[in-house]
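Working notes, structure below.
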Amino acid sequence: MKTIPIIVDCDPGIDDTIALLTAFVSPELDILGITPVCGNQPLGRTVLNALQVCELGGRPDIPVYPGCFRPMLREPIHGQFHGKTGLGNTTLPDPVKTAEEMSAVDFLIEALSLASAKGEPVTLCCLGPMTNLAVALRIKPQIADGIGRVVMMGGAYREPGNRTMTSEFNVLADPHAAHVVFSSGIPIVALALDATHQVMLKPEHVTAFSRVGGRISHALGELMAFWDRNDVARYGSRGGPLHDPLVIAYILAPHLFGTTRARIFVEYESELCMGQTIADWYGKSGLEPNAEIVTRVDAQGVIDFFLDRLSRYAEKVPA
Ligand code: BDR
Ligand code: CA
């Protein structure tokens with residue numbers, strides 16, 4: 001089978017963890033590396049969490065490259081719904097392996113330069129603030145030729161923000177990095193709150209996921225239960241939006257999603273609207289679209305997709 005080479009740039013994070021666990025049991029994907037960044041937690045913790053998730057998922061073979069300690073210009077901010085460690089109340093196994101010596105930025109430059117030379121572009125899965133990719137692009141812009149596309153979770157277009165009135169966490173955490181990526185000319189698929197708020201992880205789903213079997217079953221149930229925001233007024237039901245895993249679902253099951261092409265802009269000067277993402281739906285800017293923005297999601301199809309994938313642990317990595 002011809003596999004899709006991917007790099008997972010992330011800040012685990014409960015939903016990052018579910019995305020990683022799904023990717024680990026997807027034979028269509030060749031995961032070249034994981035590049036944690038400062039985001040939901042400080043860098044030391046997102047690196048440790050990534051190593052622990054590799055251990056839990058039985059994939060210590062995947063290298064983890066530590067990324068940037070801080071956003072490009074702004075002070076770091078961290079996630080509010082992932083608990084003290086970033087992984088809720090779950091205790092994951094201690095990792096046997098350690099992080100690589102090479103930094104995420106050096107790894108991106110090396111892997112993407114090679115991909116460009118071989119003519120085998122890599123898909124970048126961005127699940128956190130995009131600092132690592134932006135810094136790599138600033139150092140060596142030619143690496144853009146080694147990227148087939150960036151499939152990213154972040155932003156909010158027709159939805160309001162989730163961290164401020166206007167802004168989604170990943171873009172707010174490093175708006176300058178998002179600006180660099182959105183203006184790079186690299187093909188982008190944007191899974192913003194407009195998409196992720198269509199897939200609510202409700203209590204009945206949590207129960208179903210905690211029964212998938214295998215060694216992840218218990219931890220998965222705990223992680224997903226912690227994720228229940230219980231904000232009925234806002235979401236119309238109990239549960240929480242399943243943000244980052246949608247990136248993996250989009251790559252593997254694109255028929256579950258509908259997109260609209262538009263130009264994306266990022267606000268990085270106004271304090272009131274810092275990190276706001278704006279879509280030029282109707283060509284007002286006179287600029288060409290730079291992204292496919294996901295506007296429709298088959299929510300039940302996506303939940304079934306994850307149940308199917310995560311059930312594979314029962315055979316592959318038994319308890
Ligand atoms: C994004 O923010 C983080 O807290 C989540 O991991 C996700 O990547 C959602 O706004
Ligand atoms: Ca994330």
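First listed ligand is number 1; within each ligand, the first listed atom is number 1.
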N, O or S of Asp15 under 3.0 Å from the Ca ion (ligand 2): no
Carboxylate-amine/guanidinium contact Lys118 Glu120, below 4.0 Å: yes
Angle in degrees, rounded to 10°, that OD2 of Asp244 and OD1 of Asp11 form at the Ca ion (ligand 2): 140°
Parallel, tilted or perpendicular: rings of Phe107 and Tyr65 (30°, 60°): parallel
Where ligand 1 meets Leu127 - atom numbers and elements under 4.0 angstrom, heavy-atom basis: 8 (O)
Ligand-residue contact atoms, ligand 1 with Asp16, heavy atoms, under 4.0 Å: 6 (O)
Heavy-atom side-chain contact between Phe209 and Leu223 under 4.5 Å: no
N or O contact, Trp227 vs ligand 1, cut-off under 3.5 Å: no
Within-4.5 Å side-chain heavy-atom neighbours: Ile188 and Glu292: no
Check: Ile293 and Trp281 side chains under 4.5 Å, non-hydrogen atoms: yes
Spatial distance of atom CD (Gln276) from atom CD (Glu267) [nearest 0.5 Å]: 7.5 Å
Structural part of Asn162 in contact with ligand 1, heavy atom criterion under 4.0 angstrom: side chain
Proximal ligand 1 atoms for Glu168, defined as those under 4.0 Å from one of its heavy atoms: 1 (C), 2 (O), 9 (C), 10 (O)
Ligand 1 contacted by His82 (non-hydrogen, < 4.0 Å): yes
Salt bridge Arg309-Glu28, side-chain N to carboxylate O under 4.0 Å: yes
N/O/S from Ala19 sitting under 3.0 Å away from the Ca ion (ligand 2): no
Asp244, any N or O under 3.5 Å of ligand 1 N or O: yes
